[in-house]
Amino acid sequence: MSARLDPHVLVDWFARNGRDLPWRRPETTAWGVLVSEIMLQQTPVSRVEPVWLAWMASWPRPSDLAAATQGEVLRAWGRLGYPRRALRLHEAATAIATEHGDVVPSDVDTLLALPGIGAYTARAVAAFAYGRRCPVVDTNVRRVVARAVHGAGDAGPAGGGRDLADVEALLPEDEATAARFSAALMELGQLVCTARSPRCAACPVIGACAWQHAGRPAYDGPAKPVQRYAGTDRYVRGLLLEVLRGTTEPVPKTRLDAVWSDGGQRDRCLDSLLVDGLVEQTADGRFALPGEH
DNA sequence: AAGCCGTGGGA
DNA sequence: TTCCCAAGGCT
């Protein structure tokens with residue numbers, strides 16, 4: 001029989017072992033929290049940190065970002081990846097500035113209506129910026145719950161309301177404690193209950209872990225699809241955007257043609273970048289980041 | 001609702 | 001080297 005997972009044990013562990021990340025400092029605004037959450041989507045902390053600091057210095061309020069051009073925003077995004085996030089954040093900033101008095105909404109449904117903000121990010125902002133009591137479910141939390149609660153080796157495919165309900169059931173009643181508990185669950189998944197080689201010996205809730213009690217069985221769910229990168233459209237789009245990030249002057253198509261030999265794929269990617277609004281064509285037929293010419 | 005959307009680092 | 005994966009969202 002395993003002990004029930006005690007929220008206070010996790011919260012205490014977090015207080016002692018949680019990292020001192022810049023967006024966790026008490027003076028960080030809700031806007032700062034939102035920017036961090038968008039940047040952290042599928043992107044490690046170490047790569048986000050310097051970019052987040054630069055963004056906060058340049059654009060301390062939503063209206064500051066809204067006043068920048070898309071090109072400036074994309075250049076400042078740098079190599080964080082998935083640059084459509086930057087465009088959506090710019091859109092969200094505009095909506096916050098014009099429709100919400102330059103104040104990041106605290107309500108989950110209002111946050112969900114903003115571009116680029118989905119089920120995870122909306123609740124993360126509500127909880128971490130405003131101390132709201134709501135389940136915050138990311139890949140770390142799904143893994144921790146799969147193991148500690150369900151005794152599985154890893155989380156299966158995301159989807160359904162299953163994970164949200166699982167975490168809701170674990171959430172302490174007290175609002176402030178609930179928010180810290182959510183941060184603690186995520187931190188545990190990132191520092192201890194990791195995908196590969198979990199450090200169970202250092203786990204504060206090992207006594208309450210169903211996976212541990214079950215003898216740490218291997219993951220037996222459906223195989224996770226592997227994402228290729230080299231040579232894919234994503235890769236070629238990255239090459240094209242890298243050229244445009246490096247110049248302020250629009251470039252002729254010949255300059256873009258030089259980065260990838262397969263002309264068919266190259267043109268398809270350039271077209272998709274134009275459709276996505278990540279690239280613009282000037283009146284004289286050259287190409288540039290959007291909003292600057 | 002699977003598949004797409006960038007990039008870099010660690011094992 | 002190759003493979004996996006990292007605070008998801010959108011269509």
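Throughout, a chain's letter reflects where its sequence line sits, starting with A, and its residues are numbered from 1. Here the structure is a predicted model, which means the values were calculated and not measured. For the numbers below, each heavy atom of this structure counts, side chains included, while hydrogens, waters and symmetry mates do not.
- Distance, A/L80 CG to C/dG8 P: 14 Å, rounded to whole Å.
- When heavy atoms are screened at a 4.0 angstrom cut-off, A/R19 is found touching base atoms of the nucleic acid.
- Taking atom P in both C/dG9 and B/dG8, one finds a spacing of 23 Å when rounded to whole Å.
- Residue A/P225 is classed as having no contact, given no heavy-atom separation below 4.0 Å to the nucleic acid.
- For A/R237, a side-chain nitrogen or oxygen approaches OP1 or OP2 of B/dG6 to under 4.0 Å.
- Of the side-chain N and O atoms in A/Y229, one or more sit less than 4.0 angstrom from OP1 or OP2 of B/dT7.
- Among the atoms of the strands shown, none is found under 4.0 Å from any heavy atom of A/I38.
- For the pair A/G32 and A/W52, the tightest heavy-atom approach, listed with the atom from each and the gap, is O-NE1, 2.9 Å.
- Taking only distance into account, the side chain of A/T232 never meets the base of B/dG6 through a donor-acceptor pair shorter than 3.5 Å.
- Comparing C/dA7, B/dT7, B/dG6 by their nearest atom to the side chain of A/N140 picks out C/dA7.
- The 5' end of DNA chain C is approached more closely, in terms of each residue's nearest nucleotide, by A/S36 than by the other of A/L112 and A/S36.
- Remark: A/R162 CZ is loosely packed, at most 12 non-hydrogen atoms of other residues, nucleotides or ligands lying under 6.0 Å away.
- Other residues, nucleotides and ligands contribute at most 12 non-hydrogen atoms within 6.0 Å of the CZ atom of A/R228.
- Residue-level contact check: A/S272 touches neither bases nor backbone, having no heavy atom under 4.0 Å from any strand.
- Proximity of A/R79 to the phosphate of B/dG8: a side-chain N or O atom is located under 4.0 Å from OP1 or OP2.
- To the nearest angstrom, P of B/dG3 lies 16 Å from NZ of A/K224.
- Using a 4.0 Å heavy-atom cutoff across all strands shown, A/W23 reaches at least one base atom of the nucleic acid.
- Atom CD1 of A/I117 is separated from atom C1' of C/dA7 by 14 Å (rounded to the nearest Å).
- For the pair A/S46 and A/G81, nearest-nucleotide mapping onto DNA chain B gives the more 5' position to A/G81.
- Under 4.0 Å is where a charged nitrogen must lie from a carboxylate oxygen, and between A/R268 and A/D271 no such pair does.
- Whole-Å rounding puts the A/D163 CG to C/dG8 C1' distance at 13 Å.
- A/L273 pairs with exactly one of A/D233, A/L244, A/L241 by the side-chain contact (heavy atoms from CB on, under 4.5 Å) rule, that one being A/L241.
- Contact annotation for A/A124: no contact, since no heavy-atom pair falls under 4.0 Å across all strands.
- A/L89 comes within contact range of no nucleotide atom at all, as no heavy-atom separation falls under 4.0 Å.
- Protein atom CG of A/L40 is 18 Å distant from nucleotide atom P of B/dG6, rounded to whole Å.
- Rounded to a whole Å, the CH2 atom of A/W77 is 12 Å from the P atom of B/dG6.
- No side-chain donor-acceptor contact under 3.5 Å links A/Y120 and A/Q41.
- In this structure, A/R123 reaches neither bases nor backbone, as no heavy-atom distance under 4.0 Å exists between it and the strands shown.
- For A/R47 against B/dT7, a side-chain N or O and a base N or O form a donor-acceptor pair under 3.5 Å.
- To the nearest whole angstrom, the two C1' atoms, one in C/dG8 and one in B/dA1, are 15 Å apart.
- Residues A/L80 and A/M39 come closest through the heavy atom pair CD1-CG, 3.9 Å.
- Positionally, the nearest nucleotide of DNA chain C for A/D138 lies more toward the 5' end than for the other of A/D138 and A/P115.
- No donor-acceptor contact under 3.5 angstrom links the side chains of A/T121 and A/E37, judged on distance only.
- Defined by atom type and a distance below 3.5 Å, a donor-acceptor pair is present between the side-chain atoms of A/R85 and A/T43.
- Using C1' as the reference atom, C/dA6 and B/dG6 are 12 Å apart when rounded to the nearest Å.
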Polar atom pairs between nucleotides 1-4 of chain C and protein, under 3.5 Å, N or O only, would you list them?
from	atom 1	to	atom 2	distance (Å)
C/dC3	OP2	A/R228	NH1	3.4

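- Here the P atom of nucleotide C/dC10 and the CG atom of A/L114 are 10 Å apart, to the nearest Å.
- Here the side chain of A/R88 is nearest to one of C/dC10, B/dC5, C/dG8, namely C/dC10.
- A/A158 comes within 4.0 angstrom of no nucleic acid atom, judged by non-hydrogen atoms across all strands.
- The distance between atom OH of A/Y82 and atom P of B/dG3, rounded to the nearest whole Å, is 15 Å.
- Taking only side-chain nitrogens and oxygens, A/Q42 comes nearer than 4.0 Å to OP1 or OP2 of C/dG8.
- At a cut-off of 3.5 angstrom, counting only N and O atoms as typed in the model, there is a donor on one side and an acceptor on the other between the side-chain of A/Q190 and the base of C/dA7.
- Regarding contacts with the backbone of C/dG9, a side-chain N or O of A/T121 is found under 4.0 angstrom from either OP1 or OP2.
- Contact annotation for A/G118: backbone-only contact, meaning every heavy-atom pair under 4.0 Å involves sugar-phosphate atoms and none involves a base.
- Of the candidates C/dA6, C/dA7, B/dC5, B/dC5 carries the atom nearest the A/D233 side chain, counting heavy atoms from C-beta on.
- Taking 4.0 Å as the cut-off between side-chain N and carboxylate O, A/R255 and A/E249 do not count as a salt-bridged pair.
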